[in-house]
Colleague: 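The structure under discussion is supplied below as C-alpha cells; questions concerning it will follow.
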Amino acid sequence: MEPTEKKTNFITNAIDHDIDNKVYTNDRVHTRFPPEPNGYLHIGHAKASLLNYRISQEYQGKFNLRFDDTNPSKEDMEYVDSIKEDLAWLGIKWDDRLFFASSYFDKMADYAVELIKKGLAFVDDLTSEEMREYRGNLTEPGKESPCRSRSVEENLELFEQMKCGKLPEGSRVLRAKIDMASPNMNMRDPAIYRILHIKHHTADKDWFIFPMYDYAHPIEDAIEGITHSLCTLEFEDHRPFYEWVLSNLDDFQNEPPRQIEFAKLNLTKTIIGKRYLKQLVDEKIVDGWDDPRLATISGLRRRGYTPESIQAFCEAIGVAKTNSTVDIAMLEHFIRDDLKLKAPRLMTIMDPLKVTITNYPEDQVEWVELPLNQEDPDMGNYTTPFSREIFVEKADFMEAPPKKYYRLFPGNEVRLRGAYFITCNEVVKDEDGNVIELKCTYDPATRSGSGFSERKVKGTIHWVDINHAKEIEVHLYDYLIDDEAGINKDNFIEHINPNSLEIVNAYAEPEVMKATPYEKFQFIRNGFFSVDPKYSTPAKLVFNEIVSLKSSWKPSK
RNA sequence: AGGGGUAUAGCCAAGCGGUAAGGCAAUGGACUCUGACUCCAUCAUCCGCAGGUUCAAAUCCUGCUACCCCUGCCA
C-alpha cells in the first residue's frame, strides 16, 4: 500500500509552476522529441525521448515525434526509418503525431518574409569568412554588415531570388537583425536561412534555401502547439533567440512554447555522441551501428538489452542540469534485474574440462529434470541428459586451491547441478603438465530431488553431457573503451580496447538449441546471453553476452 | 567584471527555512542444488569555500573558488 510518489525533478517542477499559474489552456502539456535524421539513436537519445514521452503521459498530455530535417546535406531516409524503429521498440507511442520540420518549410519562408517586412531580417552578401570576422569574439563586440541597411524591398526581392534558386549556393544568407554587440554570440545577427542546392530527402518539392536550427526550431514547436520544449544544456544560450523568434511573429503571441534545458547523459566506459559513433562505424572499428558493443539503441537491442531495462535505467538516473557521468554498472544492474525472472536458466560450458565419472555405467544415459527458472515455477521444467562423460568449466577445478575454494580439487566433493555429488579422485595431465581430464566418482544416493541429506557439499557447479552437447558460438564482450585514463573526445580512438570482443566456441545442453533470434537466457553461473540475429544460422547459434552475473567470489590472498 | 550554466557520499539524485529521501557501487552477515537471486546491517554531524541574516540555513543574502557551454551559411 505504498503510495507511489511521482518522481519530481526541475522540469516537472517548472511544469507544475506553469499549471499553478495557468500558463497554458486547460493545463495542457505537449512535448516532443525532435531528432535530426543524420545518425542512429543512442542511449542518450533514449533518456531524452523517454523523458519527453513520460512527461506527456504523467500530465495526460501529448507527445510528438518530429524529424528536425532542416539540413539535407547530412540527412538520410535510412536514419528516419531506424529512428522510428528504435523509438517504437523503446515503447514510445506518437500515435498519428509524426511530423517533419520540412513540411513547414513554406510557412517558415513566409515567416521570414514577415521578419523582413518588420525590418528584423536582411539578406547578407558577406561570405562565411567575412561573417566570422565581422562577428567579433567572446570579449569584443562584432560590427554590422554593410548589407544590414538594405531596404525592405531589396531584401524581399533578394530573398525571393534565394528561394527560387536563382542565386548560387552559399552566395547569400538571410540574417536576423538583432545586435552585433550582444554578449551572447547567438544574438549577433544570426543566419536564419542559407542557400543549399541539394535535393531534400522528404520535402515534397525542390527547395534551394533551408532554415537554420535556431530559427526553425521555435517555429516548429509553436506550429505544433508544444508547451515545453526540452533540449540539452548547450542550447541554453540559444534560448534568447528562440524567444526572439516567437515574440516577433504575429502567429505565435498566444501561449508560446517554453524551452527548458537539461544535462545530456554520459556513461562511464562508453562513447556516446553521434559523431564518434559514426566514426567507429565508418572506420569499421565496429560491426555497424548495431554492434553489440555500442550504446546505440540498435546495438543494445542486438546485445540483448530489453526496452524495459532501458526504461527503468532512464527513470533511475533522473534528470537535472548538472553535467554528470553515470556509472555503467547502473545500466547493467537494470538488465540483470529485468532478465532475472524473464530468462530461462540453462547450462553451457565456455571453457571445457572433461570429467569422466568412473563408476557410472558406460552406456547409460539418464535424463534429469531441471526448472527453467527456479524463481518462476510457472516457466516449467526441462530435461537434460547425464552420462559418464561430461564437461565442466576449467575454472571450476584447481589442483592447489586457495582457502574457501568450493569447487573441484583433488579429494573434494561437489554437486553437479541437477544431478549427483561427484568426488575428484584423479587428475589427468598431458605431457606439458596441463590438466586435460578429471576422473571422478559419483554417489548414486545423492541424486537431485532424492531428498538426500546425509552430507552437505559447499559447491554446486554446472556441466554439460559430452555426448549430447551442442557447439555454439559465444561472443564475450568487454568495454569498448577504458575511460580510467585521460581519455577525451579527441583521442578516444587510441583508447579502443583491442580485446572488447572474444569469440569462443562453447558447449550447450540440448535445450539451448531451441533458441531463436533475440531470445535471452541466463547461462548458469556465466551470465545473461541473447541469440545474435545477424550471425546465427540453423547450423550454429551465436550468442551475445549481455552482461555477466555479479560475483562476490574473490580468491583469498 | 564577455555571456550563459552547475556545484549534496565513489557514481546518479531528492530536497524549495524546521534539523540530509531513494537507487547504483562497496562492505559485513544470513540463506542458497547458480560464490547468482533474496534478506538483514553498515555507508554525508553534513550539503564547493568564507562570511552574514534567522530561534532555526543544503535551502535566504554577500563574496570567493572550481568545472561545463558559447565566436558553423551544424543540430
Side-chain angles (χ1 to χ4, degrees), chain A residues 5 7-9 13 34-36 38 68 70-71 73-75 124 126-128 131-133 135-142 169-175 182-188 190-196 209-210 212-214 216-217 231-240 261 263 265 268 274-275 312-313 315-334 336-337 340-341 345 347 370-371 374-375 404-407 414-419 421 446 448-449 456-462 522-527 548-554:
Chain A
E5 282 189 29
K7 197 164 180 176
T8 64
N9 55 58
N13 290 348
E36 184 190 16
N38 68 345
D68 205 0
T70 56
N71 185 357
S73 70
K74 294 188 174 178
E75 298 154 7
D124 201 343
L126 256 32
T127 64
S128 52
M131 263 185 73
R132 194 184 328 124
E133 288 162 17
R135 188 150 35 227
N137 57 44
L138 297 180
T139 51
E140 290 163 27
E169 195 165 292
S171 62
R172 303 281 166 81
V173 87
L174 183 70
R175 290 229 253 170
S182 172
N184 182 345
M185 301 298 286
N186 299 300
M187 299 300 267
R188 319 248 263 225
I192 59 179
Y193 263 102
R194 77 282 221 180
I195 302 173
L196 243 36
I209 56 170
F210 294 91
M212 301 288 290
Y213 168 88
D214 279 343
H217 211 84
C231 65
T232 44
L233 252 29
E234 66 269 28
F235 291 103
E236 224 154 7
D237 40 44
H238 293 235
R239 193 170 64 228
E261 310 86 7
L265 172 66
T268 59
K274 262 191 221 175
R275 185 183 134 203
F313 168 75
E315 184 82 45
I317 59 174
V319 57
K321 298 194 71 160
T322 319
N323 283 312
S324 61
T325 302
V326 175
D327 194 333
I328 188 74
M330 185 88 96
L331 215 210
E332 296 174 344
H333 163 78
F334 285 102
R336 286 192 189 102
D337 190 54
K340 185 166 58 195
L341 296 177
R345 288 137 61 153
M347 298 191 287
L370 282 159
Q374 68 265 50
E375 288 186 68
K404 294 207 186 156
Y405 184 81
Y406 301 149
R407 289 111 98 155
V414 303
R415 173 178 287 288
L416 292 178
R417 180 172 183 272
F421 283 11
T446 59
S448 281
K456 294 269 187 203
V457 103
K458 292 286 278 186
T460 295
I461 65 174
H462 58 106
Q522 180 186 141
F523 289 160
I524 294 283
R525 298 211 304 140
N526 273 321
S548 64
L549 255 28
K550 286 179 64 173
S551 173
S552 60
W553 158 248
K554 28 193 181 311

Colleague: Could you list all N or O pairs between the protein and nucleotides 4-7 of chain B that sit under 3.5 Å apart?
Modeller:
{"from": "rG5(B)", "atom 1": "O2'", "to": "Glu236(A)", "atom 2": "OE1", "distance (Å)": "3.2"}

Colleague: For RNA chain B, whose closest nucleotide is more 5', that of Thr268(A) or that of Gly170(A)?
Modeller: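 In this pair, the answer is Thr268(A).
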Colleague: Can you check the Asn38(A) CG to rC74(B) C1' distance for me, whole Å?
Modeller: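 In whole Å, rC74(B) C1' and Asn38(A) CG are 9 Å from each other.
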Colleague: CD1 of Ile317(A) versus C1' of rG22(B): gap in Å, rounded?
Modeller: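 Rounded to the whole Å, the gap is 15 Å.
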Colleague: Out of rG35(B), rA14(B), rC74(B), which has the shortest distance to the side chain of Ala320(A)?
Modeller: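 The answer is rA14(B).
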Colleague: Rounding to an integer number of angstrom, what distance separates rG4(B) and rU42(B) when you compare their P atoms?
Modeller: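 rG4(B) and rU42(B) have their P atoms separated by 46 Å.
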Colleague: Which value, in whole Å, describes the distance between the C1' atoms of nucleotides rA57(B) and rG15(B)?
Modeller: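 Result for the C1' pair: 13 Å, nearest Å.
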Colleague: Can you name the ring pair (Phe, Tyr, Trp, His ring centres under 6.0 Å) partners of His238(A), sequence neighbours left out?
Modeller: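 Once residues adjacent in sequence are excluded, the partners of His238(A) under the ring pair (Phe, Tyr, Trp, His ring centres under 6.0 Å) criterion are Phe235(A).
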Colleague: Could you tell me if the side chain of Arg336(A) sits less than 4.5 Å from the side chain of Ser548(A), heavy atoms only?
Modeller: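 Of all side-chain heavy-atom pairs linking Arg336(A) with Ser548(A), at least one is under 4.5 Å.
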Colleague: Would you mind reading off the distance between Met330(A) atom CE and rC11(B) atom P, rounded to a whole angstrom?
Modeller: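 So the CE-P distance, Met330(A) to rC11(B), works out to 12 Å.
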Colleague: Hey, which of these two, Gly418(A) or Arg336(A), hits RNA chain B nearer its 5' end, going by closest nucleotide?
Modeller: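 Looking at the nearest nucleotide for each, Arg336(A) comes out on the 5' side.
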Colleague: Do Glu375(A) and rU38(B) share a donor-acceptor pair, side chain to base, under 3.5 Å?
Modeller: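 Counting by modelled atom types and ignoring angles, no donor-acceptor contact under 3.5 Å is found here.
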Colleague: Would you indicate which nucleotide in rG35(B), rC74(B), rU34(B) comes nearest to any side-chain atom of Ile524(A)?
Modeller: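 Of rG35(B), rC74(B), rU34(B), rU34(B) is nearest to the side chain of Ile524(A).
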Colleague: Got a second to check how far Ser182(A)'s OG is from Arg188(A)'s CZ, nearest 0.5 Å?
Modeller: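 Ser182(A) atom OG to Arg188(A) atom CZ measures 6.5 Å (nearest 0.5 Å).
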Colleague: State which of rA36(B), rU34(B), rC73(B) makes the closest approach to the side chain of Ser552(A).
Modeller: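 Out of rA36(B), rU34(B), rC73(B), the nucleotide with an atom closest to Ser552(A)'s side chain is rA36(B).
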Colleague: Of the candidate nucleotides rG35(B), rA25(B), rC73(B), which contains the atom at the shortest distance from the side chain of Ala329(A)?
Modeller: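 Nearest to the side chain of Ala329(A) among the choices is rA25(B).
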Colleague: What nucleotide, of rA36(B), rG15(B), rC73(B), holds the atom closest to the side chain of Asn13(A)?
Modeller: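 Within the option list, the nearest is rG15(B).
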Colleague: With rounding to the closest Å, how many angstrom separate the P atoms on rG23(B) and rG18(B)?
Modeller: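 Rounded to whole Å, the distance is 24 Å.
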Colleague: Counting side-chain heavy atoms from CB outward, which of rU71(B), rC74(B), rU34(B) is closest to Thr460(A)?
Modeller: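 So the side chain of Thr460(A) is nearest to rU34(B).
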Colleague: When we call it a touch if two heavy atoms are under 4.0 Å apart, what does Leu138(A) touch: a base, just sugar-phosphate, or nothing?
Modeller: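 It contacts base atoms.
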Colleague: Specify the separation, in whole Å, of atom CD of Glu315(A) and atom P of rG23(B).
Modeller: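 About 14 Å, once rounded to whole Å.
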Colleague: Output the rounded distance in Å from NZ (Lys458(A)) to P (rU32(B)).
Modeller: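 Rounded to whole Å, this separation is 10 Å.
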Colleague: Has Arg135(A) got a side-chain N or O lying under 4.0 Å from the OP1 or OP2 atom of rG72(B)?
Modeller: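 So the side-chain polar atoms of Arg135(A) do come within 4.0 Å of the phosphate oxygens OP1 or OP2 of rG72(B), strictly under.
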Colleague: Apply the side chain to side chain donor-acceptor pair (under 3.5 Å) test between Asn38(A) and each candidate in Lys74(A), Lys274(A), Glu75(A); give the one that qualifies.
Modeller: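 With Asn38(A) as partner, Lys74(A), Lys274(A), Glu75(A) yield a single side chain to side chain donor-acceptor pair (under 3.5 Å), made by Lys274(A).
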Colleague: Would you call Glu375(A) and Arg345(A) a salt bridge, taking side-chain N to carboxylate O under 4.0 Å as the test?
Modeller: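 Yes, this pair counts.
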Colleague: Any non-hydrogen side-chain atom of Asn526(A) less than 4.5 Å from a side-chain atom of Leu549(A)?
Modeller: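 Asn526(A) does not reach Leu549(A) side chain to side chain.
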Colleague: Could you work out the separation of rA14(B) and rC47(B) based on their C1' atoms and round it to a whole Å?
Modeller: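 These two C1' atoms come out 12 Å apart once rounded.
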Colleague: Check every atom of rG3(B), rC69(B), rA36(B) against the side chain of Gln374(A) and return the nucleotide holding the closest atom.
Modeller: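 Among rG3(B), rC69(B), rA36(B), the one nearest the side chain of Gln374(A) is rA36(B).
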Colleague: May I ask you to verify if any side-chain N or O of Ser73(A) is less than 4.0 angstrom from the OP1 or OP2 atom of rC74(B)?
Modeller: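 Checking Ser73(A) against rC74(B): no side-chain N or O falls below 4.0 Å of OP1 or OP2.
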Colleague: Look at the side-chain N and O atoms of His333(A) and state whether any lies under 4.0 Å from the OP1 or OP2 oxygen of rC24(B).
Modeller: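 Looking at the OP1 and OP2 atoms of rC24(B), one of them is under 4.0 Å from a side-chain N or O of His333(A).
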Colleague: Check Glu236(A) with Lys321(A), please: is the shortest side-chain N to carboxylate O separation under 4.0 Å?
Modeller: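 Looking at Glu236(A) together with Lys321(A), the answer is yes, because their closest N to O distance falls below 4.0 Å.
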Colleague: Mind checking the P distance from rG22(B) to rA30(B)? Whole angstroms is fine.
Modeller: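 Their P atoms lie roughly 25 Å apart.
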Colleague: For Arg194(A) and rA75(B), is the shortest distance between a side-chain N/O and OP1 or OP2 below 4.0 Å?
Modeller: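 Yes, Arg194(A) has a side-chain N/O under 4.0 Å of OP1/OP2 on rA75(B).
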Colleague: Could you tell me the separation between the CZ atom of Phe210(A) and the OG1 atom of Thr70(A), rounded to the nearest 0.5 Å?
Modeller: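 These two atoms lie 9.5 Å from each other.
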Colleague: Determine whether any donor atom in the side chain of Arg407(A) lies under 3.5 Å from an acceptor atom in the base of rG35(B), or the reverse, and answer yes or no.
Modeller: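 Check passes, donor-acceptor contact within cut-off.
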Colleague: Across the strands shown, which category fits Gly136(A) at heavy-atom distances under 4.0 angstrom: base, sugar-phosphate, nothing?
Modeller: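 Touches a base.
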Colleague: Base, sugar-phosphate alone, or nothing: which one does Val457(A) contact when heavy atoms must sit under 4.0 Å apart?
Modeller: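 No contact.
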Colleague: Looking at side-chain heavy atoms only, is the closest gap between Val173(A) and Ile195(A) below 4.5 Å?
Modeller: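 No; the side chains remain at least 4.5 Å from each other.
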Colleague: Can you check whether Lys340(A) has a side-chain N or O nearer than 4.0 Å to OP1 or OP2 of rU38(B)?
Modeller: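 Looking at the OP1 and OP2 atoms of rU38(B), one of them is under 4.0 Å from a side-chain N or O of Lys340(A).
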Colleague: Touch check for His238(A), heavy atoms < 4.0 angstrom, all strands: base, sugar-phosphate only, or nothing?
Modeller: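 The residue His238(A) makes base contact.
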Colleague: Do Glu315(A) and Lys7(A) sit within salt-bridge range, that is, some charged N less than 4.0 Å from a carboxylate O?
Modeller: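 Salt bridge: no.
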Colleague: Classify the nucleic acid contact of Asn137(A) as base, sugar-phosphate or nothing, counting any heavy atom under 4.0 Å across all strands shown.
Modeller: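 The answer is base, as Asn137(A) lies within the cut-off (heavy atoms under 4.0 Å) of a base atom.
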Colleague: Which nucleotide, rG15(B), rA36(B), rC12(B), lies nearest any side-chain atom of Arg345(A)?
Modeller: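 Nucleotide nearest to Arg345(A)'s side chain: rA36(B).
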Colleague: C1' atom, rA21(B) versus rA44(B): distance in rounded Å?
Modeller: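 To the nearest whole Å, 13 Å.
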Colleague: I'd like to check Leu416(A) versus His462(A) (side-chain heavy atoms, cut-off strictly below 4.5 Å). Are they in contact?
Modeller: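 They are not in side-chain contact.
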Colleague: Dump every N/O contact between nucleotides 26-29 of chain B and the protein below 3.5 Å, one line per pair.
Modeller:
none

Colleague: Is the glycosidic angle of rG52(B) within 90° of 0, making it syn, or outside that range, making it anti?
Modeller: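 Here the answer is anti: the torsion falls beyond 90° from 0.
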Colleague: Are the side chains of Pro190(A) and Met212(A) in contact, using a 4.5 Å heavy-atom criterion?
Modeller: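 Counting from C-beta outward, Met212(A) and Pro190(A) never come under 4.5 Å.
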Colleague: Can you give the dot-bracket line for RNA chain B, using ( ) for pairs inside the strand, [ ] for pairs that cross earlier ones, | for pairs with another strand and . for unpaired bases, where Watson-Crick and G-U count if both distances are under 3.5 Å?
Modeller: .(((((((.[[[..)..(...]]].(((((.......))))).....[[[[[..)....]]]]])))))).....
Colleague: Taking the P atom of each, how far is rC31(B) from rU45(B), in whole Å?
Modeller: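 Result for the P pair: 33 Å, nearest Å.
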Colleague: With a 4.5 Å cut-off on side-chain heavy atoms, are Trp553(A) and Arg407(A) touching?
Modeller: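 The answer is yes, as the side chains (C-beta and beyond) meet within the 4.5 Å cut-off.
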Colleague: For rC73(B) and Arg175(A) - does any side-chain N or O of the residue sit under 4.0 Å from the phosphate oxygens OP1/OP2?
Modeller: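 The answer is no; no side-chain N or O of Arg175(A) sits under 4.0 Å from OP1 or OP2.
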Colleague: Starting at CZ of Phe235(A) and ending at P of rG72(B), how long is that distance when rounded to a whole Å?
Modeller: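 In whole Å, rG72(B) P lies 15 Å from Phe235(A) CZ.
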Colleague: Once ring pair (Phe, Tyr, Trp, His ring centres under 6.0 Å) is applied, do any residues pair with Phe523(A), and if so which ones, sequence neighbours excluded?
Modeller: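 Testing Phe523(A) for ring pair (Phe, Tyr, Trp, His ring centres under 6.0 Å), a comparison that skips the adjacent residues, returns Phe529(A), Phe543(A).
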Colleague: Could you pull out all residues at least two apart from Ser73(A) that satisfy side-chain hydrogen bond (donor to acceptor under 3.5 Å, both in side chains)?
Modeller: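 With neighbours one apart ignored, the set is Asn71(A).
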Colleague: Taking the same atom, P, in rA36(B) and in rA50(B), what whole-Å distance lies between them?
Modeller: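 Approximately 43 Å lies between the P atom of rA36(B) and that of rA50(B).
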Colleague: Do Arg175(A) and Met131(A) make a side-chain contact, defined as non-hydrogen atoms from C-beta onward lying under 4.5 Å apart?
Modeller: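 In short, these two side chains touch, coming nearer than 4.5 Å.
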